[in-house]
Amino acid sequence: MENQVSEETTPPASTELSKAYDHHEVEPRWYRTWLERGYFHADAGDRSRPAFSIVLPPPNVTGSLHLGHALTATIQDVLIRWKRMSGFNVLWLPGTDHAGIATQMVVEKELQRTEKRSRHDLGREEFLRRVWAWKEQYGSRIGVQHQALGASLDWQRERFTMDEGLSRAVREVFVRLWEEGLVYRAKKLINWCPRCHTALSDLEVNHEENHPGELWSFAYPLADGSGEIVVATTRPETMLGDTAVAVHPEDARWKGVIGRNVRHPVTGREFPVVGDAILVDPAFGTGAVKVTPAHDFNDFEVAQRHALPLLSVIGPDGRMTAEAGPFAGMDRFEARKAVKAALAEKGLDRGAKAHPMALGKCQRCETVLEPLLSDQWYVRIEPLARPAIAAVEEGRTRFIPEGWTNTYMAWMRNIHDWCISRQLWWGHQIPAWYCADGHVTVARSAPEACATCGDRALRQDEDVLDTWFSSALWPFSTLGWPDRTAELETFYPTSVMETGHDIIFFWVARMMMMGLHFMGDVPFRTVFLHPMVRDEKGQKMSKTKGNVIDPLVITEKYGADALRFTLAALTSAQGRDIKLARDRIEGYRAFANKLWNATRFALMNLDGAPDPARAPELARTPADRWLLARLARAVNATVDALEAYRFDEAAATVYRFCWNDLCDWYIELSKEALYGDDAAKKEGAKAVLAHALDTALRLLHPMMPFVTEELWQMLGAKVGGPTGWGRSLLEASYPARRPLDEAAERSFAPVLGVVEAIRNVRGEMNVPWKTVFQGVEVGGLSAEALATLRSEQARVERLGNVRGLVLHEAGRPAGRRPQCAVAVGEGFEVLVPLAGAVDMAAETARVDKEIARLVAEADGVEKRLANPSFVERAPREVVEEARARVAELGERRRKLEAHRALLAGTGDPQPAAIPPAAPEIAGAVGLARRAPSDLAVRPRANLVAKPAGKMVKKGPAGMARRGPSALALPAKATPRKAAPKKAAPKKATPKKATPKKATPKKAAPRKPAPKRTATRKAAPRKAAPRKGGPKPARRR
RNA sequence: GGGCGGAUAGCUCAGGGGUAGAGCGUCGCCCUUACAAGGCGAGGGUCGCAGGUUCGAAGCCUGCUCCGCCCACCA
């Protein structure tokens, strides 16, 4: 970094910027500064301003952020910074989640790897000590990551789901729900993971679709030996726990057997054939179903209906229990094979067929789950769900994108009781105690005695609560609940819940229920569900796939601003997944650099600039007014986009304004005034430039906080002072909506059109500017006026307040073949003098192509107009528009055809009489050219560093191109402008009425352009004198 | 089995009844006094398929085909 930004946390003292932006130094410096100045800390006592609060979805404390988190952080920080700048009392609260199973598994795995011990070897207490140690060691990484991303989180309020306050909230909620009868303990069938050794909630089951399975049939002999019933199963081992066979009560095939018994071929037990219309689909298979109540959810229901016994044959470890008789102790999958073999041996095998099926697997470890009978704690969910449904129906909380509302509703209306106990150690231990008699005492803290029998020997329930139980309380537990705190008062309900749609049930729905129940109000007004971040190939990022990207890797390479802007630009409110492409990030890093250099330009030219706030009144030129109009449009569009959560549009809007309007157009246009000597125009340009840049940086700050802050400080140091420039952009005001100025935009359009037309001709004709324009001097223009705008009076009218911009024709000797190319646009016609270099064939081809294009378009519109239905039924303005379009196209075509005729040597070369030129258009013409007027080539330091190949490749081509054209140049080249710093005082008469006719062909050959050489490359940057030295500034 | 997205330029994506867009990539020209992480220009699309509504469809409706996701107890 060459810029002399001080290491201090004060605005940079110098405005010398290096040529390229380097985020490495800037980003950490500003984050540190913001933090030190306490900008992120919210004042809960400040009720004078509207509050805006977001609680960060707490990442797994021992985890590492991935790009999905980066997206979350980015979007929330955009909202937070935007609102903070908009005058809100903002709170963004960070925190982490203990992530029960996930964390415990990680530590267990590590323990196994390093010490070859299990948690049971250590015991509960020691194991927990290890987990806490692990947490202390790795828990800081996500903080570092968030800081690198620039997240303006209130770190002083950081919470952890297992810290003391939150644990207290968890116990409080559990106890209250118990007291209200909304928490209960029951022995039911649950999804059990034999590997994690814990119960899981329905949500933690991943249904793996189309798992290749086998539907195997076998026969149950009737107990009286009178026959058999063939049943089919995908899990033969469960037949050991069968306690019935079910058939449809109206199935004629089985009418006679209902109520009779079958005999179990392995255990000899006898059990009944029952008729059950709910379970059995007579059209499927044999129409008879084996019933295993202790290992199948449907069968469990059947058992309830028919009072069947429950027989557990598979244990918590996935092995067969003693009830499985000869198969006891066998792994369930081994038992599957063994059972099949055993039954086959008994002649009961009735064949098998392939049967794709859905398999329930553990969300954490992918192990095939086993429905098991066990005692667990549940939350009675329906009473909690009802208000949560109503709140969304009533619009008290709304979803964005809206489509998620239905998803939420469908789930909430179909919700089952929530199994909240987990057979883990890491988590909130359930505040329930048992006495020897098995009485349960639920309390906020360890009770002295059993509430039922007074027994003093109590043992606490060993299970812990589902991680999501504490997460469900996050929006209020983090604000100090159950105490009545200022934080709750000020910041609850939170404004926005921003998270991924993958946890809408796990988390969002449960927060809704708990928030409504315990706070009496929704936990958030808006739920913004962001898309999933996928890799370049569109694959979901996952640890197992190994395609997870650490945001730090990206921020290190491209800068946090580039990553943030990329994520914002890819986040539409439509919910489409994000495929993060590296090119895109690179592109936005370039954008940061663009801003950097635009500011650099400004700093070089804003000495003595007026208060930027006075830009509207000081704006002098059409270009000034045009830019301010464009800026107004950009401001409004950006604010609209942010309000609509259209981060993509906000990003695109600012991007386009900065790059296209400000950099590509205005900065070039402004040079006319900045380098000129019209004091008023100069002042206007300075004010407009400073104002536009200031406003753009404010607009952009939420998305690119670092580079905008750095540049804004530089700008402030230059033009600030009385303008109320704050200490940080972070606390500066966000641009407010402003009135549009369509007239300014419209009236300037022809100038832009002229420039584009000229560029187009040049580009397509592939002619270097020097050849084209050198020495052509036109009435009313300075020596290097390079093109002519010709227009009839009618067109002039349409030019509105830039009507004076029409120029004289030049470089086209009457009666001769035209030494110019022509471009016709709406409201103008440009003759581009080619000064002898014109390739007639090429120009003819170019014009023909353009004519063909006009004809094609006109044909299309005319066809529409020829349709009576269209003229009759389409809205009047659409028809008028079409007619005007046809006229316009026709006119342009006629002009081109006239030009075409001249090219062919026929036609009338006489130009129309045209009013004199105005200076603005000359500026536009200069802009179209964008090339220095002399051939001085200054060595560039950064070229030396470039790959040689590129230079070698480009160099010769460029040089070769210049060769032949140089022959046509007149002897004298005039620089477009003088060195900005010291413009020679000049007062040329603005009217050099007589156009100097260039006589290209006799011009003295110009020296061939010097070739690039090593010595020139090596020359000191500023040493090479410009050919011809400084010239007086152009005048007109 | 239900439900929700998506399919638009080589790639990544906007648009959403009235002349098909951006960025990147490609090609050509250009080291130019803010920026080669740059400037200027060009080429590139029967908007997944088939019907329908309409003066007019990429957009609206219907069906279909692919891709992705969510929910669901057919043994």
Side-chain angles (χ1 to χ4, degrees), chain A residues 17 19-21 207 215 231-235 246 279-281 284-285 288-291 296-301 355 357-358 403-404 406-407 410-411 414 501-502 504-505 532 536 538 540 569-570 572 574-581 583-584 586-594 596-605 648-649 652 655-656 663-664 667-668 671 675 759-764 766-769 857 860-861 864 867-875 878 881-882 885 928 930-932 936-940 942-943 946 950-951 954-955 957-958 961-962 977 979-980 1012 1026:
Chain A
L17 270 61
K19 211 160 180 180
Y21 174 55
H207 291 279
L215 188 63
V231 296
T233 179
T234 52
R235 296 189 295 155
L279 178 73
V280 183
D281 171 7
F284 188 92
V289 185
K290 60 187 276 303
V291 179
D296 184 285
F297 290 96
N298 291 314
D299 296 359
F300 184 80
E301 303 283 316
H355 183 71
M357 51 189 268
W404 293 110
N406 285 337
T407 306
W411 189 75
N414 223 341
H501 59 71
D502 53 338
I504 187 168
F505 306 140
M532 298 289 108
E536 242 146 320
K540 198 166 182 171
L570 288 170
S572 72
Q574 325 242 81
R576 183 198 270 214
D577 284 352
I578 291 176
K579 273 184 241 173
L580 192 69
D583 286 351
R584 199 89 186 230
E586 260 172 49
Y588 293 133
R589 174 183 57 174
F591 180 47
N593 192 54
K594 189 73 178 175
W596 180 266
N597 280 293
T599 307
R600 204 158 73 93
F601 170 82
L603 297 180
M604 290 172 186
N605 292 286
D648 57 337
E649 277 188 2
Y655 181 92
R656 279 194 294 258
C663 292
D664 288 349
I667 284 185
E668 296 305 328
K671 288 173 182 172
Y675 299 162
R759 285 172 176 171
N760 184 286
V761 167
R762 189 211 71 96
E764 285 200 36
N766 214 359
V767 189
W769 286 111
E857 194 190 330
V861 183
R864 262 199 293 161
N867 181 348
S869 296
F870 172 70
V871 180
E872 268 170 46
R873 304 205 185 188
V878 173
E881 216 171 277
R885 185 72 186 154
R930 279 247 180 131
V937 176
R938 301 186 321 149
R940 304 175 60 93
N942 58 346
L943 276 184
K946 287 194 72 65
K950 193 169 177 188
M951 299 267 321
K954 283 183 112 176
R961 191 57 83 152
R962 189 173 291 153
K977 58 189 174 283
R1012 257 191 305 280
R1026 292 167 54 173

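Just so it is clear, the model here is predicted, and its values are computed rather than measured. Proteins get letters first, then strands, A, B, ... in listed order; numbering begins at 1 in each.
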Rounded off to whole Å, could you give me the CG-to-P distance for the A:Asn597 and B:A37 pair? 11 Å

Which pair of non-hydrogen atoms, one from A:Phe284 and one from A:His355, has the smallest distance, and what is that distance? CZ-CE1, 4.1 Å

Rounded to whole angstrom, note down the P distance from B:G39 over to B:U46. 30 Å

Over 60° means perpendicular and under 30° means parallel, so classify the ring planes of A:Tyr655 and A:Tyr588, tilted if in between. perpendicular

Please give the distance between the P atoms of B:C70 and B:G25 as a whole number of Å. 35 Å

From C-beta outward on A:Asp281, which listed nucleotide comes closest to its side chain: B:C74, B:A34, B:G18? B:C74

Minimum-distance nucleotide (side-chain atoms of A:Lys19 versus B:A37, B:C74, B:A36): B:A36

Euclidean distance for C1', B:G2 against B:A50 (whole angstrom): 26 Å

Please classify the nucleic acid contact of A:Phe300 as base, sugar-phosphate, or nothing, using heavy-atom distances under 4.0 Å. nothing

Pick base, sugar-phosphate or nothing for A:Phe297, based on heavy-atom distances below 4.0 Å to the nucleic acid. nothing

Looking for any heavy atom pair under 4.0 Å, which part of the strands does A:Asp583 touch: base, sugar-phosphate only, or nothing? sugar-phosphate

Reckon A:Pro868 touches a base, only the sugar-phosphate, or nothing at all at heavy-atom distances under 4.0 Å? nothing

Output the rounded distance in Å from CG (A:Leu279) to C1' (B:A72). 16 Å

Taking any heavy-atom pair under 4.0 Å as a contact, classify A:Leu215: base, sugar-phosphate, or nothing. nothing

Can you check the A:Arg589 CZ to B:A36 P distance for me, whole Å? 13 Å

Of the options B:A34, B:C35, B:A75, whose atoms approach the side-chain atoms of A:Thr233 most closely? B:A75

From the options B:A75, B:C35, B:G39, select the nucleotide whose nearest atom is closest to the side chain of A:Asp664. B:G39

Counting only side-chain heavy atoms from C-beta out, which of B:A37, B:A75, B:A34 sits nearest to A:Ala590? B:A37

Minimum-distance nucleotide to A:His355 side chain [options: B:A75, B:U19, B:C35]: B:A75

Taking A:Arg600's backbone N and O only, do any of them form a donor-acceptor pair with A:Asn597's side chain (distance below 3.5 Å, no angle check)? no

Heavy atoms from C-beta onward define the side chain here; which of B:A34, B:A72, B:C71 lies closest to that of A:Lys671? B:A34

Side chain of A:Tyr675 - closest among B:G39, B:A72, B:A34: B:A34

So if I take every side-chain heavy atom of A:Arg885 and compare against B:G18, B:U19, B:A37, which nucleotide ends up nearest? B:U19

Side chain of A:Phe505, heavy atoms from C-beta onward: which of B:C71, B:C73, B:C35 has the nearest atom to it? B:C71

Protein N or O to nucleotides 9-13 of chain B N or O, pairs below 3.5 Å:
residue, atom, partner, partner atom, Å
B:C13, OP1, A:Lys579, N, 3.2

